[in-house]
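Predicted model only: the values in this text are computed from it and were never measured. For ligands, and for the atoms within them, numbers begin at 1 and follow the listed sequence.
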Amino acid sequence: MAALTLDKVSKIYREKGKADNRAVKAVDMAVHDGEIISLLGSSGCGKTSTLRMVAGFESVSEGQVRIGERVINDLKPAERNVAMAFEGYALYPPLTVANNIAFSLLRSKMPRPEVRKRVQHIAELLEITDILEAYPPTLSGGQQQRVSLARALVRPADLWLLDEPMSQLEPQLRAVLRGRIKEYLIEHRMTSVFVTHDQTEAVALSDRIAVMSNGVLQQFASPEDLKERPANLFVAGFIGEPAMNLLPARLALQDGRLDALVHAQGDAGIALRVSFGALDRVVNAAALHDGQKVHLGVRPHKVSLGRTADCANPVQGTLAFNQWQGDQSHVGIDLGGHTLLVVTDGAVDLADGSGVGLCLPTEALHLFDSDSEKALVHGADLR
Ligand SMILES: Nc1ncnc2c1ncn2[C@@H]1O[C@H](COP(=O)(O)OP(=O)(O)OP(=O)(O)O)[C@@H](O)[C@H]1O
Ligand SMILES: [Mg+2]
């Protein structure tokens, strides 16, 4: 049984004189016991709304939210046994930091020495021991945020909901705390839902990531699967830095083989032809037809530059730009008017306009239907 289940959950904000705002649209999701997940997506995509419905600070407009077997739609927040760190911190100004963190532990009648021990431990973990006797209004945003996070993490609960809990911290501290928080959650087997719009953070923290766009859950999968098996064009373009190359192409199904052809801009010539080999290597070959409009995807890191020997898909192009980023090169290759971005570890000693050989490994290629935008083939899944 799942620790948390969202069953066709929607949030509709209704304001007088305005059209209804459907902020969360029929989201289905099941989070396992002890699992750490993230809701990931751009500003306004419905992450906080989803979390607040689970916590009970927003009503559930449609669908059902369950914690274990219990339907919690109509329970008050305090009856749900859920701990939450809010985007806006929500600390008690008249209480010291220590008492803010201890508040719910003392209310649950935990013995004081045990409370002190827990507060001290979490304060050390989040590097806020020096402000335990301070009052919230005197703290910086980053300090208030860590106090809010500490208060949520020490609370005994069935579920922990953490809304952008590190957004105010500088990158270095953020990376250190991220590692410690993850260890803490695993050690205590805490089922947790993070909200973030930072994919590096989501990947580092989560067992699985729920990618949201415009209120719709696009895919809920492990970081590896989101990279290797993006369910649609949105996820393919959203996950991964720099973004996946996506080129408009047509399928060619001939003699039991599957090829994808990218036409050159402005004329009928072929800019790029890649082969997936025998059609029966493709898991859902029945969904494909000759001439089908598709997008061909390949991640910039997966293309190798200058190597065409022993390559199933060797390609010749022209160097369009060459940018050294300090630790890697971003190289643009012109293929009949389309630009393919390639990322390599070393510096590339080539001038603009040079002819360049490339290899597109079949296992790194993806095909998406251009109309439905759904994934058709992932090179990693070829038989
Ligand atoms: N209390 C509210 N009343 C009316 N509309 C709201 C309310 N809260 C959020 N919305 C709207 O719902 C949509 C989703 O907002 P939400 O706060 O869930 O997004 P988010 O993904 O958390 O964004 P961010 O990354 O900026 O925090 C937005 O269009 C927002 O304007
Ligand atoms: Mg939010």
Side-chain angles (χ1 to χ4, degrees), residues 4-29 31 36-65 72-74 76-77 80 82-91 141-142 144-149 151-153 159-171 174 178 181 192-206 208-221 223 226 231-232 234-235 237-239 241 243:
L4 169 68
T5 308
L6 273 61
D7 196 350
K8 303 232 166 2
V9 167
S10 296
K11 179 68 204 178
I12 305 163
Y13 292 108
R14 296 195 165 95
E15 279 180 80
K16 258 206 178 127
K18 282 193 184 173
D20 287 356
N21 179 6
R22 202 170 263 272
V24 178
K25 297 167 184 155
V27 166
D28 281 322
M29 194 188 295
V31 182
I36 305 170
I37 73 139
S38 292
L39 305 181
L40 174 67
S42 318
S43 185
C45 73
K47 307 179 295 292
T48 296
S49 299
T50 305
L51 213 62
R52 288 176 65 87
M53 283 191 282
V54 175
F57 299 108
E58 283 296 345
S59 62
V60 178
S61 309
E62 290 169 3
Q64 204 176 57
V65 180
I72 59 165
N73 284 43
D74 300 321
K76 295 193 180 71
R80 298 187 181 201
V82 165
M84 179 157 174
F86 296 88
E87 223 175 345
Y89 323 135
L91 301 171
Q144 292 191 45
Q145 196 170 38
R146 279 177 284 163
V147 176
S148 169
L149 178 57
R151 185 179 58 180
L153 291 178
L159 186 63
W160 285 262
L161 306 175
L162 310 162
D163 195 350
E164 308 259 10
M166 287 176 278
S167 58
Q168 296 297 318
L169 310 182
E170 70 266 28
R174 201 170 159 145
R178 189 191 287 155
I181 292 165
S192 321
V193 182
F194 282 87
V195 159
T196 178
H197 53 253
D198 176 350
Q199 53 175 288
T200 313
E201 182 156 294
V203 167
L205 282 167
S206 320
R208 284 190 296 165
I209 299 170
V211 180
M212 292 182 72
S213 167
N214 196 18
V216 177
L217 176 61
Q218 301 287 332
Q219 187 171 6
F220 183 30
L226 291 178
N232 56 40
F234 178 84
V235 176
F238 186 75
I239 296 286
E241 266 274 81

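In this view, D74 satisfies the side-chain hydrogen bond (donor to acceptor under 3.5 Å, both in side chains) rule with no residue, not counting sequence neighbours.
Contact check for L6 versus T50: side-chain heavy atoms found under the 4.5 Å cut-off. A 4.5 Å side-chain heavy-atom check between I181 and L149 finds at least one atom pair inside the cut-off.
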Table please: side-chain donor-acceptor pairs of residues 17-25 below 3.5 Å, with sequence neighbours left out.
residue	atom	partner	partner atom	Å
D20	OD2	R14	NE	3.1
R22	NH1	E62	OE1	3.3
R22	NH2	E62	OE2	3.3
K25	NZ	N214	O	2.9

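Once rounded to the nearest 0.5 Å, the distance linking CD of E241 with CD of Q199 reads 6.0 Å. The CZ atom of F238 sits 12.5 Å away from the CD atom of Q219 when rounded to the nearest 0.5 Å. Here the OH atom belonging to Y89 is positioned 11.0 Å from the CG atom belonging to D163, to the nearest 0.5 angstrom. The CZ atom of R174 sits 4.5 Å away from atom CD of E201, with the distance rounded to the nearest 0.5 Å.
Side chains of Q145 and S167: a donor-acceptor N/O pair is present below 3.5 angstrom, by distance only.
Annotation: protein N, O or S atoms under 2.8 Å of the Mg ion (ligand 2) (waters excluded) comprise T48 OG1.
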List ligand 1's nitrogen or oxygen atoms that come under 3.5 Å of a protein nitrogen or oxygen, with the partner atom and distance.
residue	atom	partner	partner atom	Å
ligand 1	8 (N)	Y13	OH	3.3
ligand 1	18 (O)	S49	N	2.9
ligand 1	18 (O)	S49	OG	2.6
ligand 1	19 (O)	G46	N	3.4
ligand 1	21 (O)	C45	N	3.2
ligand 1	21 (O)	G46	N	3.0
ligand 1	21 (O)	K47	N	2.9
ligand 1	21 (O)	K47	NZ	2.9
ligand 1	22 (O)	T48	N	2.9
ligand 1	22 (O)	T48	OG1	2.7
ligand 1	23 (O)	G44	N	2.7
ligand 1	25 (O)	K47	NZ	2.8
ligand 1	26 (O)	S43	OG	2.5
ligand 1	27 (O)	E87	OE2	2.9
ligand 1	29 (O)	N21	ND2	3.3

